[in-house]
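Only this structure's heavy atoms are used, side chains among them; waters, hydrogens and symmetry mates stay out. Whatever order the structure lists them in is the order used to number ligands and atoms, beginning at 1. Numbering of residues begins at 1 and proceeds along the displayed sequence.
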Amino acid sequence: MDTLHRADFFEGDKAVSVLPRLPQPDFPEHSHDFHELVMAKSGSGLHYINGEPYHVSKGSVFYLKAGQSHFFDRTDGLCLTNVVFVPEHLQSASLLGFLPGTPAQDALPLNVGSSAIDECERLFSTIRSESLKRDPCAVQMVEALFSQLIVLLWREHRRTLDITDGDSRLAGLIRHLDHHMADEVDFAELADTFGIPLRTMARRMVDATGLSPNNYLGRVRLCHAMRLLVKSSDSVTDIAFACGFNDSNYFSSRFHQEIGVTPMQFRKQQASRAYA
Ligand code: RM4
Ligand code: NI
């Protein structure tokens, strides 16, 4: 597997670099000797981090530390921006404590709302133009802007936990699906619980996740199934049930349709990958 090196991605003595991927082209699994914040702007796909799949769509933010491996799969118009940085070179590295845990620590990716995405975009383009400046203050400016980005993400993370906010009600519903994917899901009931009219829920789900409510639920279930196939030795039938499928054959055929291999083949592939 490739390791990307800091020498190839930073301007001068800058500790931060903004790399737009509009769209993200196919890129093989790799790790870095720097840290990478990935923020999706539009489209959707699967983001594998250390072999574990996560749904990615507008507003998903992932924090990858040096040494973690990742790649994207089943992308559909996925556009994102990478903010890469070298913590040892930052003067304000203590700020990094504000970033939520990485998926490897079992935290779900962070999600930010539309107005925060716009604010991030503005910061991205200022960081890019400052990166090209040669005066000594540009290094400070890039770091100051990067600090703003971290604070913005931290505040946004706190905001999405506040379920009285309109945007956050949808975020709450999505979080609920993420955590209760094994249960039978009644969308009308959920719409009611989260105070979102059923008619607008579907539209807002497509807007937020790039997928219809049912397809999103299917994706969360498949991602969980992939994790269980790799991490446990449970039977395919047990895994199907643990992920909310009540028919193991239906589960296997959906899995094949989405991932291109059967659950057992997937388990074998991943096992041989681990020893490669
Ligand atoms: C690639 C891809 C990778 C990133 C490099 C710098 O296109 O986005 O994740 O590490 O760029
Ligand atoms: Ni990368």
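- Using the six-membered ring where Trp is involved, Phe10 and Phe34 have ring planes that are perpendicular, over 60° apart on the 30 and 60° scheme.
- Of the N and O atoms on the side chains of Tyr216 and Asp178, at least one donor lies less than 3.5 Å from an acceptor on the other residue.
- Cluster partners of Phe241, using a side-chain heavy-atom cutoff of under 4.5 Å among ILVMFWY residues and allowing indirect links: none.
- In the hydrophobic clustering, Val206 connects to no other residue, as no ILVMFWY side-chain heavy atoms lie under 4.5 Å from its own.
- His70 and Tyr48 share no donor-acceptor pair across their side chains, judged by distance under 3.5 Å alone.
- Just one of Val84, Asn82, Val86 meets the side chain to side chain contact (heavy atoms under 4.5 Å, CB included) condition when paired with Ser17; it is Val84.
- Checking Ser69 against Glu29 by side-chain atom types alone, a donor-acceptor pair falls below 3.5 Å.
- At a threshold of 4.0 Å, the pair Glu52-Lys231 counts as salt-bridged, since one of the basic side-chain nitrogens sits closer than that to a carboxylate oxygen.
- The distance cut-off of 2.8 Å around the Ni ion (ligand 2) captures these protein N, O or S atoms, sorted by chain and number: His30 NE2, His32 NE2, Glu36 OE2, His70 NE2.
- Taking a heavy-atom cut-off of under 4.0 Å, ligand 1 is surrounded by Leu4, Phe9, Leu19, Arg21, Gln24, Phe27, His30, His32, Glu36, His70, Asn82.
- Just one residue in the list Phe62, Phe27, Tyr54, Phe71 forms a ring pair (Phe, Tyr, Trp, His ring centres under 6.0 Å) with His47, and that residue is Phe62.
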